[in-house]
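When reading the values below, keep in mind they use all heavy atoms of this one structure, side chains included, and skip hydrogens, waters and symmetry mates.
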Amino acid sequence: MNRGSPARSLAESALLAAITVLLMFLGAFLPVAGFFVVVMWPLPVMLVILRHGLRYGLMTVAVTVVLSTVFLGIIQAVLAGLTIVGLIGLVYGVGLLRRWSGPTLVGTGTGVIAVSFLITLSLAGPLMGIDLITQIQSTAVQSAEILAESYAGAGVASPEELAAELESAVAMMDTVFPAMIMMSAFLYSLWTFAATRLILPRLGYTVPHLPAFDRWRAPIWLAVVLLGSYGMLFISAEGVRTYPVILAQNALFVANGAYLVFGAALLYFVVKRLIQSPLASGLITAVVTINPIGVSFLPLVAILDSGLDIRRFFDRRNSREHTRDTGHGNEEDSK
């Protein structure tokens, strides 16, 4: 941490706060590139914490909220400046300052981002005069109807049944909405980590690595969550919506999504070993993962892998081949 004079620290903090507001302005008004700008919003706050400490990071967040109120309005200041820039920037900055590991940084960031999303949803109603959750569900229903009409125009049989299935899935969103918040928070935390890994090392700061994707393996405790969720739903009466049932449905939704990711990681590992091409392996893995067969098959493979450690068999085989080749080479050298 580079602690300069108080005047210099204040000047740099103010400058980075102004840069943050500029990034917020670009993210709000650029149609396509705005998504990539949004993940960079917390970076100036991280820089202030790394260079001058947490106190100046808090001051930067306060100045950012004030400036964004002036230039972007109170809604943008509270929803973006305080929640996304403030909370995420502070937790990532503190994590980097204390040299947390990559998984710890992403995991803690996921929790903080989920809280920021909940704050955003809670404040959106009073500030904007709308029920954001209801609006999201209404938009999803309209999308389902448009999609059904498109299939009907293409000659797909029983578009009414398709629309009913899609609307049923949308209705389920009301139950698993907390799980969707957590999964969205994880993705945003991962994107923020990727942006941090891309930029901060170029400025001379150390950012920890995440394990390689092909080495991602489901922990044993995730199986406990899965079995516990199924057990709760099994002993509960059908159609009853109690808090334990809703919690079990959300936990089951998250566990299935996590096992799908871990299954995709194992598939990528195996395919990359077979064809020796990371790009082709990634494309094959992506196609299989979004396929209905892959969605059903990959979580089961991931569950087995959490206990069997399938990669170990490939590693042992490669180790034996390497030992055999090395021994053969030594015999030839001795001759």
Student check: side-chain heavy atoms of Y188 and T110 closer than 4.5 Å: no
Would you say that Y205 contacts L96 through its side chain, given a criterion of any heavy-atom pair below 4.5 Å between the two side chains? no
Enter the distance from I113:CD1 to T192:OG1 here, rounded to the nearest 0.5 Å. 5.0 Å
Same cluster or not: V270 versus L283, using hydrophobic residues (I, L, V, M, F, W, Y) connected whenever any side-chain heavy atoms lie under 4.5 Å apart? no
Please check this pair: side chain of W216 against backbone of P211, looking for a donor-acceptor N/O pair closer than 3.5 Å. yes
Would you check, one step at a time, whether the test side-chain contact (heavy atoms from CB on, under 4.5 Å) holds for L267 with I284? CA-CA 9 Å; L267 176 64; I284 294 173; 5.5 Å; no
Are the side chain of N250 and the backbone N or O of A179 linked by a donor-acceptor pair below 3.5 Å? yes
The test is side-chain contact (heavy atoms from CB on, under 4.5 Å); show your working for V61 and T64 and say whether it passes. CA-CA 5 Å; V61 173; T64 299; 5.5 Å; no
Please report the closest heavy-atom contact between L200 and L50, naming both atoms and the distance. CD1-CD1, 4.0 Å
Calculate, to the nearest 0.5 Å, the distance between atoms CZ and CZ belonging to R273 and R311 respectively. 10.0 Å
Flag for Y92-S189: side-chain donor and acceptor within less than 3.5 Å: yes
Do L260 and F269 share a hydrophobic cluster (ILVMFWY, side-chain heavy atoms under 4.5 Å, transitive)? yes
Chi angles and distances behind the side-chain contact (heavy atoms from CB on, under 4.5 Å) call for L210, L190: CA-CA 10 Å; L210 283 177; L190 204 59; 3.7 Å; yes
Take a 6.0 Å sphere around CZ of F213 and say whether it holds more than 12 heavy atoms from other residues, nucleotides or ligands. yes
Measure the shortest side-chain to side-chain distance between L247 and Y243 over non-hydrogen atoms and say whether it is less than 4.5 angstrom. no
Closest heavy-atom contact between S236 and V245? OG-CG2, 3.3 Å
Y259 and its side chain to side chain contact (heavy atoms under 4.5 Å, CB included) partner, picked from I303, V301, D305: I303
Tell me the closest heavy-atom pair linking P201 and T196, and the distance in Å. CD-O, 3.3 Å
Which value, rounded to the nearest 0.5 Å, describes the distance between M232 atom CE and Q249 atom CD? 11.0 Å
Pairwise distance CG(L97) to CG(L54) - rounded to 0.5 angstrom: 8.5 Å
Count the heavy atoms of every other residue, nucleotide or ligand shown that sit under 6.0 Å from CD1 of I293, and state whether that count exceeds 12. no
Assigning hydrophobic clusters by single linkage (Ile, Leu, Val, Met, Phe, Trp, Tyr; side-chain heavy-atom cutoff under 4.5 Å), is I246 placed with M183? no
Could you tell me whether R98 atom CZ has more than 12 heavy atoms of other residues or ligands within 6.0 Å of it? no
One should read off an interatomic distance between L252 CG and L233 CG, to the nearest 0.5 angstrom, of 6.0 Å
State whether the number of non-hydrogen atoms from other residues, nucleotides or ligands found under 6.0 Å of R215 atom CZ is greater than 12. yes
Answer with yes or no whether the hydrophobic clustering places F297 together with I310; edges join I, L, V, M, F, W, Y residues whose side-chain heavy atoms lie under 4.5 Å apart. yes
How long is the span from the CG atom in L203 to the CZ atom in R51, to the nearest 0.5 Å? 9.0 Å
Identify whether V295 and Y230 are in the same connected component of the hydrophobic contact network (ILVMFWY, side-chain heavy atoms under 4.5 Å). no
Residue pair L105 / G95: nearest heavy atoms and the distance that separates them: CD1-CA, 3.8 Å
Would you mind reporting whether T60 and P44 have side-chain heavy atoms less than 4.5 Å apart? no
Identify the two heavy atoms, one from A195 and one from L43, that lie closest to each other, and give their separation to 0.1 Å. O-CD1, 4.4 Å
Evaluate R99 against T206 for side-chain contact (heavy atoms from CB on, under 4.5 Å), listing each step before the verdict. CA-CA 8 Å; R99 300 187 182 278; T206 301; 4.2 Å; yes
Are a donor atom and an acceptor atom from the side chains of S101 and T104 found within less than 3.5 Å of each other? yes
Looking only at heavy atoms, what is the nearest atom pair of Y268 and D214, with distance? CD2-CB, 3.5 Å
Taking C-beta and beyond as the side chain, do M46 and L90 meet within less than 4.5 Å on heavy atoms? no
Residue pair F262 / P219, side-chain heavy-atom distance below 4.5 Å: yes
